[in-house]
Student: 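Submitted below is the structure of interest, expressed as structure tokens.
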Amino acid sequence: MAPRSDSATGGAAAAQAHGSDFDSIDPLFHVLRVLPFSFLRPPRTRLRLPSNLALPSPMTVFALILLTYFAVVSGLVYDVIVEPPGIGSVQDPATGAVRPVVFLPGRVNGQYIIEGLSSGIMFVIGGIGIILLDLAVDRNRPRSLRVSFGGSGVAAIVIAYAMAMLFLRIKIPGYLW
């Protein structure tokens with residue numbers, strides 16, 4: 001495809017007609033935007049993608065987005081930076097035995113690794129439940145499949161909500177009672 005040539009008046013008229021994102025009343029912004037391109041010309045590059053490079057399938061993209069969502073909501077960045085222990089331990093005052101603790105109680109801005117991963121799994125289950133509910137409203141699917149998607153979606157959302165609230169009550173004792 002041959003490159004288009006915009007004349008000075010045609011380009012300005014098109015920018016005025018379409019309402020450019022760079023419209024500003026600040027004269028300094030206008031000078032910084034126009035001045036360098038009055039004597040500098042960007043090179044004409046003809047970049048092409050390699051012919052053996054293909055777009056990933058939609059399910060691959062979905063899996064990558066879901067994995068990224070899980071990593072973000074489970075606090076993976078926090079775990080890498082702070083390096084908390086996997087689980088904690090508390091000594092029982094009555095027996096003196098040490099028992100493992102998965103949730104770091106009383107500290108909202110701190111977590112054990114397993115706590116973050118289990119919370120992240122609950123958020124992902126809730127998100128999958130919403131996706132299943134979206135699949136359940138498709139009229140092109142058989143009724144039995146829509147009922148299965150709807151029931152599974154509602155069950156996933158209820159389980160995820162109940163477990164997230166349980167985790168929150170363990171994390172912050174006496175909250176929302």
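Residue indices begin at 1 and follow the sequence shown. A quick note: this is a predicted structure, and the numbers were derived from the prediction, not measured.
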Student: Report the hydrophobic cluster partners of Leu28, with the cluster defined as I, L, V, M, F, W, Y residues connected by side-chain heavy atoms closer than 4.5 angstrom, directly or transitively.
Tutor: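 So far as hydrophobic clustering goes, Leu28 is joined with Leu32.
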Student: Mind checking what makes side chain to side chain contact (heavy atoms under 4.5 Å, CB included) contact with Thr45, not counting sequence neighbours?
Tutor: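 With sequence neighbours excluded, Thr45 shows a side chain to side chain contact (heavy atoms under 4.5 Å, CB included) to Pro43, Leu47, given in chain and number order.
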Student: Could you report the tightest heavy-atom contact between Pro84 and Gln111, atom names first, then the distance?
Tutor: CB-O, 3.3 Å
Student: Looking at Gly96, is its backbone amide N or carbonyl O close enough to the side chain of Gln91 to form a donor-acceptor pair, meaning the two atoms are under 3.5 Å apart?
Tutor: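 Flag set: sc Gln91 to bb Gly96 pair under 3.5 Å.
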Student: With sequence neighbours left out, what residues match Ser57 under side-chain hydrogen bond (donor to acceptor under 3.5 Å, both in side chains)?
Tutor: Thr60
Student: side-chain hydrogen bond (donor to acceptor under 3.5 Å, both in side chains) with Asp92: which residues, sequence neighbours excluded?
Tutor: Thr95
Student: Is the backbone of Leu35 close enough, under 3.5 Å, to the side chain of Ser38 for a donor and an acceptor to pair up by distance?
Tutor: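 Between the backbone of Leu35 and the side chain of Ser38 there is a qualifying donor-acceptor contact (under 3.5 Å).
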Student: What's the shortest heavy-atom distance between Ala160 and Met122, and which atoms?
Tutor: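 Smallest interatomic distance, heavy atoms only, reads CB-O, 3.2 Å.
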Student: Output a table of donor-acceptor pairs, distance under 3.5 Å, between side-chain atoms of residues 129-157 and any protein atom two or more places apart or on a different chain; print 'none' if there are none.
Tutor:
unit_1	atom_1	unit_2	atom_2	d
Asp138	OD1	Asn140	N	3.3
Arg146	NE	Arg141	O	3.4
Ser148	OG	Ser144	O	2.9
Ser152	OG	Ser148	O	2.8

Student: Any ring pair (Phe, Tyr, Trp, His ring centres under 6.0 Å) involving residues 82-104? Give me the pairs, sequence neighbours left out, ordered by first then second residue.
Tutor: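 Non-adjacent pairs meeting ring pair (Phe, Tyr, Trp, His ring centres under 6.0 Å): Phe103-Phe167.
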Student: If I compare all heavy atoms of Phe37 with all of Arg41, which pair ends up nearest, and what's the gap?
Tutor: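 Nearest pair, atom of Phe37 first, then Arg41: O-NH1, 2.9 Å.
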Student: Establish whether Leu166 and Val124 are linked, either directly or via other cluster members, by ILVMFWY side-chain heavy-atom contacts under 4.5 Å.
Tutor: yes
Student: In Å and rounded to the nearest 0.5 Å, what is the CZ to CZ distance from Phe70 to Phe123?
Tutor: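 Reported to 0.5 Å precision, the distance equals 11.5 Å.
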Student: Please check if the side chain of Lys171 supplies one atom and the backbone of Arg107 the other of a donor-acceptor pair under 3.5 Å.
Tutor: yes
